[in-house]
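First the structure, in the form of structure tokens, and then the observations on it.
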Amino acid sequence: MDTQPTTCLLTGAAGFIGSHLADRLLALGHRVIGLDNLLLGTRANLRHALASPHFTFLEADVNDYPANLQRVRVAAGAGGVHMVWHLAANSDIRAGTADPEVDLRHTFLSTFNVLQLMRALGSRRLAFASSSAIYGDHQQALTEDAGPLRPISNYGAMKLASEAVISAALETFLERAWIFRFPNVVGSRGTHGVICDLLQKLAANPAELEVLGDGRQEKPYLHVSELVDAMIFITTHSHEPLNAFNIGPEGTATTVQYIAGRVVAEAAPQAVIRYTGGAKGWPGDVPKFNYSIAKLRRLGWAPHLTSNQAVDRAVRELVTEARQRAQRQG
Ligand SMILES: NC(=O)c1ccc[n+]([C@@H]2O[C@H](COP(=O)([O-])OP(=O)(O)OC[C@H]3O[C@@H](n4cnc5c(N)ncnc54)[C@H](O)[C@@H]3O)[C@@H](O)[C@H]2O)c1
């Protein structure tokens with residue numbers, strides 16, 4: 001990413017991570033064209049961005065390619081789009097397990113159509129939100145070249161297919177791609193994920209919290225503020241044609257049992273926690289993984305928070321947001 005101000009297209013801008021990235025890109029002086037169909041994201045997430053004269057919001061489906069070409073050309077003006085941040089996807093792994101069309105359309109075809117758009121716009125730099133889900137279920141620490149890659153969810157499969165089609169585009173019109181393999185990301189404006197699920201359940205029944213699985217599922221969690229730091233750092237410091245990086249906390253992970261305990265302590269201290277049992281939360285859930293961020297550390301970036309600290313902070317932020325929403329509504 002250029003350190004000079006540029007015009008960026010950001011898909012999935014109204015989502016959890018996209019809205020934080022929009023705020024950061026604007027703070028760095030870039031012009032941002034945010035595109036989102038509001039399937040999962042909200043205008044409320046864009047409250048700060050919409051107040052900026054350097055932000056343009058396009059409410060549109062990424063897959064509506066010919067119409068988007070016109071819309072983005074108008075929004076970008078003569079200078080064009082210097083870089084695309086493609087974050088739009090189905091982020092609900094369970095929805096994609098129940099109906100594979102969901103991930104075909106929103107997780108794979110969205111990437112295919114972003115590439116079509118970029119080719120037509122003459123835009124040659126792409127940053128892409130991939131996932132640890134591309135690796136599948138492995139015992140060893142996951143490095144970027146771990147394999148064989150056998151995803152166990154449609155979501156992971158469509159993210160892997162997206163990485164493949166980006167790699168192929170580097171042979172033709174694409175000059176550079178950054179592929180970020182996110183762990184579990186948590187923090188304010190969260191739209192989904194274990195903390196949001198547990199808070200919703202507690203809101204419906206403050207006396208008991210049902211937790212899927214045996215509580216021993218253990219994954220690395222990263223706070224969204226550190227994720228955005230890492231994305232900006234990688235795009236300004238890694239200049240290969242294809243730059244794939246795991247982003248995560250360093251050597252730490254958090255159990256579902258810990259998260260359930262923190263959520264109950266902050267939101268409803270009297271609630272009883274009940275585990276449904278079994279090693280997996282749901283089909284397609286990778287119950288444990290261990291992430292190596294050695295490559296990112298060699299590039300010069302490391303997180304400050306442990307996985308548990310990221311969870312603690314996110315629980316506090318999400319509980320505060322839920323209380324503020326309830327106050328506004330009541
Ligand atoms: N949050 C995590 O823990 C996590 C982990 C790994 C990867 N990711 C990836 O990071 C990206 C952002 O995730 P998030 O957590 O912010 O999820 P999110 O659901 O909050 O954001 C995704 C946004 O994309 C939009 N969108 C979906 N399909 C679209 C389409 N066809 N056209 C236009 N907009 C569309 C949604 O409305 C939503 O605002 C996604 O690509 C996700 O797969 C997230």
Side-chain angles (χ1 to χ4, degrees), residues 16-17 89-97 129-144 146 149-157 159-160 180-187 190-201 209-227 230-231 245-264 273 275-297 302-315 317-318:
F16 161 45
I17 299 169
N90 163 51
S91 56
D92 182 350
I93 298 188
R94 277 175 283 181
T97 303
S130 189
S131 163
S132 57
I134 63 141
Y135 292 109
D137 204 349
H138 288 262
Q139 299 307 312
Q140 78 276 22
L142 296 171
T143 56
E144 287 79 354
L149 298 175
R150 293 190 184 125
I152 63 165
S153 60
N154 290 318
Y155 168 80
K159 284 287 185 193
L160 184 55
F180 312 115
R181 296 184 182 146
F182 298 169
N184 290 273
V185 186
V186 290
T191 53
H192 59 95
V194 60
I195 302 175
C196 295
D197 288 352
L198 297 182
L199 283 173
Q200 273 166 17
K201 283 185 182 179
L209 179 62
E210 182 204 70
V211 179
L212 300 179
D214 59 12
R216 290 191 298 177
Q217 306 99 296
E218 189 174 38
K219 302 177 194 186
Y221 290 81
L222 186 71
H223 193 268
V224 65
S225 57
E226 296 209 301
L227 178 83
M231 291 163 80
F245 282 87
N246 291 343
I247 307 179
E250 204 162 28
T252 61
T254 301
T255 61
V256 169
Q257 193 176 27
Y258 179 87
I259 297 173
R262 293 304 311 143
V263 166
V264 163
I273 301 176
Y275 294 95
T276 59
K280 273 191 191 190
W282 59 86
D285 180 35
V286 176
K288 276 191 184 181
F289 69 92
N290 180 2
Y291 228 28
S292 164
I293 63 153
K295 184 177 174 190
L296 182 50
R297 188 171 248 296
H304 298 291
L305 300 177
T306 64
S307 180
N308 283 2
Q309 287 169 336
V311 166
D312 294 349
R313 190 160 145 189
V315 170
E317 290 171 348
L318 289 164

I need the minimum non-hydrogen distance between [X] and [Y], along with the two atoms involved.
{"X": "Leu305", "Y": "Glu226", "answer": "N-OE1, 3.3 Å"}
{"X": "Val211", "Y": "Ala260", "answer": "CG2-CB, 4.0 Å"}
{"X": "Ser132", "Y": "Pro183", "answer": "OG-CA, 4.3 Å"}
{"X": "Pro151", "Y": "Gly156", "answer": "CB-C, 3.6 Å"}
{"X": "Thr254", "Y": "Ser307", "answer": "OG1-OG, 2.6 Å"}
{"X": "Gly187", "Y": "His223", "answer": "CA-NE2, 3.8 Å"}

Any chance you could measure [X], atom [atom1], to [Y], atom [atom2], to the nearest 0.5 Å?
{"X": "Ser130", "Y": "Leu160", "atom1": "OG", "atom2": "CG", "value": "7.5 Å"}
{"X": "Asp92", "Y": "Tyr155", "atom1": "CG", "atom2": "OH", "value": "10.5 Å"}
{"X": "Arg94", "Y": "Asp197", "atom1": "CZ", "atom2": "CG", "value": "5.0 Å"}
{"X": "Asp214", "Y": "Gln257", "atom1": "CG", "atom2": "CD", "value": "8.5 Å"}
{"X": "Leu198", "Y": "Glu210", "atom1": "CG", "atom2": "CD", "value": "10.0 Å"}
{"X": "Asn154", "Y": "Asn90", "atom1": "CG", "atom2": "CG", "value": "10.0 Å"}

- [ ] Only counting residues at least two apart or in another chain, list the ones meeting ring-ring contact (aromatic ring centres under 6.0 Å, His included) with Tyr291.
- [x]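 So Tyr291 forms a ring-ring contact (aromatic ring centres under 6.0 Å, His included) with Phe289.
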- [ ] Using side-chain hydrogen bond (donor to acceptor under 3.5 Å, both in side chains) as the criterion, list what pairs up with Asn246, not counting sequence neighbours.
- [x]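 Per chain and number, Asn246 pairs via side-chain hydrogen bond (donor to acceptor under 3.5 Å, both in side chains) with Tyr135.
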Side chain proximity check, [X] to [Y], heavy atoms < 4.5 angstrom:
{"X": "Thr252", "Y": "Asn308", "result": "no"}
{"X": "Lys219", "Y": "Ile259", "result": "no"}
{"X": "Glu317", "Y": "Val224", "result": "no"}
{"X": "Val194", "Y": "Asn184", "result": "no"}
{"X": "Arg216", "Y": "Tyr275", "result": "no"}

Has [X] got a side-chain atom pairing as donor or acceptor with [Y]'s backbone, closer than 3.5 angstrom?
{"X": "Lys159", "Y": "Ala129", "result": "yes"}
{"X": "Thr255", "Y": "Gln217", "result": "no"}
{"X": "Gln140", "Y": "Ala146", "result": "no"}

Task: By side chain to side chain contact (heavy atoms under 4.5 Å, CB included) - contacts of Ser91 (at least two apart) - done: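 Ser91 satisfies side chain to side chain contact (heavy atoms under 4.5 Å, CB included) with Leu40, His192 once adjacent residues are dropped.
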- [ ] State whether a side-chain donor-acceptor pair under 3.5 Å links Asp312 with Tyr221.
- [x]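 Side chains of Asp312 and Tyr221: no pair found under 3.5 Å.
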Task: SB check Glu144 Arg181 (cutoff 4.0 Å) - done: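 No, Glu144 and Arg181 are not salt-bridged.
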